[in-house]
Amino acid sequence: MALANKPLTLTGVWAATTARERNKLRKDLVHRLGDDWVGVVAEQDRRRQEKQRAARLAPPTVRETVRARLELELIPTRPAPYEPWKEPMTPARPPGSAATCPS
């Protein structure tokens, strides 16, 4: 609400953000979602509410469940942990013991 209604939130702290922080958030939203970011966010909220209503009426099909899981997996939340014992050895990256042993 504070982000979408800039004239109403000119001073003070709204939603635990200062005016400067809200301006940066608005710029980031415009960059990420386009000039009509308010409409995009409203549409996402509407879809989420419809999905929740539909889930209460009928359980999701197997296809919907799989698709939702795949959508979550495709969103990169953090990089995969580095596991040296699973990484292939390459000339560019010698084994750890070879790098420390004198020739």
Side-chain angles (χ1 to χ4, degrees):
M1 181 83 176
L3 289 176
N5 296 307
K6 186 175 183 177
L8 299 177
T9 59
L10 295 177
T11 60
V13 175
W14 291 83
T17 59
T18 63
R20 179 178 290 167
E21 292 170 332
R22 288 191 299 275
N23 284 335
K24 182 178 180 337
L25 288 169
R26 285 184 192 106
K27 287 178 184 177
D28 291 345
L29 286 168
V30 168
H31 178 70
R32 196 174 78 210
L33 302 174
D35 289 333
D36 186 32
W37 65 268
V38 175
V40 172
V41 171
E43 178 66 20
Q44 289 174 349
D45 285 345
R46 187 186 62 74
R47 278 195 214 132
R48 189 176 303 117
Q49 287 175 352
E50 285 179 1
K51 217 182 223 184
Q52 288 173 347
R53 256 187 253 123
R56 282 186 234 130
L57 299 175
T61 63
V62 173
R63 173 179 238 146
E64 291 170 345
T65 306
V66 169
R67 184 178 183 115
R69 184 175 46 86
L70 288 175
E71 285 176 359
L72 288 175
E73 289 175 1
L74 293 176
I75 298 172
T77 53
R78 61 181 175 188
Y82 174 67
E83 298 178 7
W85 54 91
K86 290 188 177 180
E87 298 290 323
M89 285 295 155
T90 62
R93 195 178 59 79
S97 59
T100 58
C101 294
S103 300

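Residues take their numbers from the sequence shown, with the count starting at 1. In this text the structure is predicted, and so the values were computed from the model without any measurement. Scope of the values below: all heavy atoms of this structure, side chains included, with no hydrogens, waters or symmetry mates.
- Using a 4.0 Å cut-off between a side-chain N of Lys or Arg and a carboxylate O of Asp or Glu, R46 and E43 qualify as a salt bridge.
- To the nearest 0.5 Å, atom CG of residue L25 and atom CZ of residue R32 are 9.5 Å apart.
- Two residues are said to be in side-chain contact when any heavy atoms from C-beta on lie closer than 4.5 Å; K27 and H31 fail this criterion.
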Notebook entry, point to check: Taking it one step at a time, do N23 and R20 satisfy side chain to side chain donor-acceptor pair (under 3.5 Å)?
Noted result: CA-CA 5 Å; N23 284 335; R20 179 178 290 167; over 6 Å; no
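- Tested against D45 for a side-chain hydrogen bond (donor to acceptor under 3.5 Å, both in side chains), the candidates Q49, R47, R48 yield a single pass: R48.
- Interatomic distance, L29 CG to D36 CG, rounded to the nearest 0.5 Å: 12.0 Å.
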